[in-house]
S.K.: 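Below you will find the structure I want to go over with you.
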Amino acid sequence: MDTITLTRPDDWHLHLRDGEALRAVVGASAAQFARAIVMPNLRPPVATVAQALAYRQRILEALPAGAAFEPLMTLYLTDNTPADEIRRALDSGGVHAVKLYPAGATTNSDAGVTDLRRTWPVLEAMQACGMPLLVHGEVTDPAVDVFDREAVFIERVLEPLRRDFPALRVVFEHITTRQAAQYVTQAQGPIAATITAHHLLYNRNALFTGGLRPHWYCLPVLKREEHRRALLQAAISGDPRFFLGTDSAPHAARLKEHAAACAGCYTAPHAIELYAAAFEQAGALGRLEAFASFNGPDFYRLPRNTARIVLRRERWTVPESLPFGAEHIVPLAGGETLAWKLADRAS
Ligand code: NCD
Ligand code: ZN
């Protein structure tokens, strides 16, 4: 088999940044995906519908000429988000979800939620209208080992939250552990999870192979091999609760190759090829289309795409560096060879 034809996929978790950085990266996502759920962790965060719609406009203006790409906007939940923002979000037609960052959990999350009880009126409004809550599932308690923060989040935050709001539609974002995959598989009610390509392809050894490698550093951090295997099993299982979300999170190389390296892997330019590598490794290329193109829109209650893409079996090398405004950026797996190539890829 030398080609794979897929319904055009979408990216259900993406960081596009703003300004010069946005202009540098948005074309890469548009070349791969029809739509993307765009994360709101700008500075200041995208906390209101007005801000989200203005950001959406900047994304559309930053697209290369002729690119067809639909940004699906999200709101950044804070302790002070008013419940009627949810009504405005619904009415806008452009805002599709609300993102919960526990304060301090990751890049630009200082404005995140400090006490979930303060957001109850918002969660009630979301539960009532079916708007998904996207959760960054890690506790921030410094006493909890960084590799355990996702598993502890399930017990301390997610289970109580879903007991209090059993009909709330939840996406457990970028899951990284066996516990999270198991939780989603076995849970009652409306919950799904996104899985990144890098968590399907790498375990935490990748961070330390031949030296400390900051381009493999993201949050939640890569875990042990047993967790990677559990994620891969979930992704290829055919369970519609699991779908593609790259968490492509661009940072200039200068800030990655730094004493306090920023968290985030830049995978947008070669995302579908990375996922194809993971699915092929598991002998499950036939399951890629549902994961990449069907399960996400079904959960978000949006139509599936009708256009198709073609991947060809062709060895090519991921660029080691790409322009990033006045800086440069190192894509994940830069310099490595991939076996599948998107047919209309320019280089
Ligand atoms: C993201 C970023 O840089 O915005 N970083 C990351 O490692 N994934 C934030 C996030 O999604 O946690
Ligand atoms: Zn993210």
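Start at 1 and go down the list; that is how both ligands and their atoms are numbered. No hydrogens, no waters, no symmetry mates; every other heavy atom, side chains included, goes into these values.
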S.K.: Do we see a donor-acceptor contact under 3.5 Å between the side chains of Tyr183 and Arg162?
M.R.: yes
S.K.: Ignoring hydrogens and angles, state whether a donor on the side chain of Glu257 or His215 is under 3.5 Å from an acceptor on the partner side chain.
M.R.: yes
S.K.: Any heavy-atom pair between the side chains of Leu207 and Val221 that's under 4.5 Å?
M.R.: yes
S.K.: Tyr217 versus ligand 1: do any nitrogen or oxygen atoms come within less than 3.5 Å of each other?
M.R.: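 No, there is no polar N/O contact under 3.5 Å.
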S.K.: Are Tyr76 and Tyr101 close enough that their ring centres sit under 6.0 Å apart?
M.R.: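 Centroid distance Tyr76-Tyr101: below 6.0 Å, so yes.
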S.K.: Distance alone, cut at 3.5 Å: any donor-acceptor contact between the side chains of Asn203 and His227?
M.R.: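 Judged by distance alone, the side chains do not pair up.
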S.K.: Measure from the Zn ion (ligand 2) to every N/O/S atom of His13 and report the name of the nearest one.
M.R.: NE2
S.K.: Please state the angle at the Zn ion (ligand 2) spanned by OD1 of Asp247 and NE2 of His15: what is it, rounded to 10 degrees?
M.R.: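 Rounded to 10°, it measures 90°.
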S.K.: Should you measure from each heavy atom of His136, which atoms of ligand 1 turn up under 4.0 Å away?
M.R.: 12 (O)
S.K.: Decide ring pair (Phe, Tyr, Trp, His ring centres under 6.0 Å) for His136 and His174; before the verdict, give the C-alpha distance in whole Å, the side-chain angles of both, and the deciding distance to 0.1 Å.
M.R.: CA-CA 8 Å; His136 181 111; His174 43 52; 4.8 Å; yes
S.K.: Against heavy atoms of His13, which atoms of ligand 1 measure under 4.0 Å?
M.R.: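 Checking each atom against His13, I get 11 (O).
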S.K.: Are Tyr275 and Phe291 an aromatic pair, judged by ring center distance below 6.0 Å?
M.R.: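 Yes, ring centres under 6.0 Å apart.
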S.K.: Looking at ligand 1, does any of its N/O atoms fall within less than 3.5 Å of an N/O of Leu219?
M.R.: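 Indeed, backbone or side chain, Leu219 has an N or O that close.
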S.K.: Give a yes/no verdict on whether any heavy atom in Arg17 is under 4.0 Å from an atom of ligand 1.
M.R.: yes
S.K.: Under 4.0 Å from any heavy atom of Gly264, which atoms of ligand 1 are there?
M.R.: 5 (N), 6 (C), 7 (O)
S.K.: Compute both the distance and the angle, then confirm whether Arg228 meets the cation-pi test with Tyr202: under 6.0 Å from the six-membered ring centre, within 45 degrees of the axis.
M.R.: no
S.K.: With no hydrogens and no angle check, do the side chains of Glu173 and His13 hold a donor and an acceptor under 3.5 Å apart?
M.R.: yes
S.K.: Backbone, side chain, both or neither: what part of His198 comes under 4.0 angstrom of ligand 1, heavy atoms only?
M.R.: neither
S.K.: With respect to Ala263, determine whether any N or O atom, backbone or side chain, lies less than 3.5 Å from an N or O atom of ligand 1.
M.R.: yes
S.K.: Check this for me - ligand 1, Asn41, N or O atoms closer than 3.5 angstrom, yes or no?
M.R.: yes
S.K.: Go through ligand 1 atom by atom and flag the ones less than 4.0 Å from a non-hydrogen atom of Cys218.
M.R.: 7 (O)
S.K.: Students often mix this up, so state it plainly: with edges at 30° and 60°, are the rings of Trp120 and Phe165 parallel, tilted or perpendicular?
M.R.: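 Perpendicular: the ring planes of Trp120 and Phe165 meet at over 60°.
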S.K.: Show the atoms of ligand 1 that are less than 4.0 angstrom away from any heavy atom in Ala249.
M.R.: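 What qualifies from ligand 1 is 1 (C), 2 (C), 3 (O), 5 (N).
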S.K.: Of the backbone atoms (N, CA, C, O) and the side-chain heavy atoms from C-beta on, which set of Glu173 has a member under 4.0 Å from an atom of ligand 1: side chain, backbone, both, or neither?
M.R.: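 Answer for Glu173: neither.
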S.K.: Below 3.5 angstrom, do we get any N/O pair linking Tyr101 and ligand 1?
M.R.: no
S.K.: Tell me, which protein residue and heavy-atom name are nearest atom 11 (O) of ligand 1, and how many Å apart are they?
M.R.: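 Nearest protein contact, heavy atoms only, for atom 11 (O) of ligand 1 is His15 NE2, 2.9 Å.
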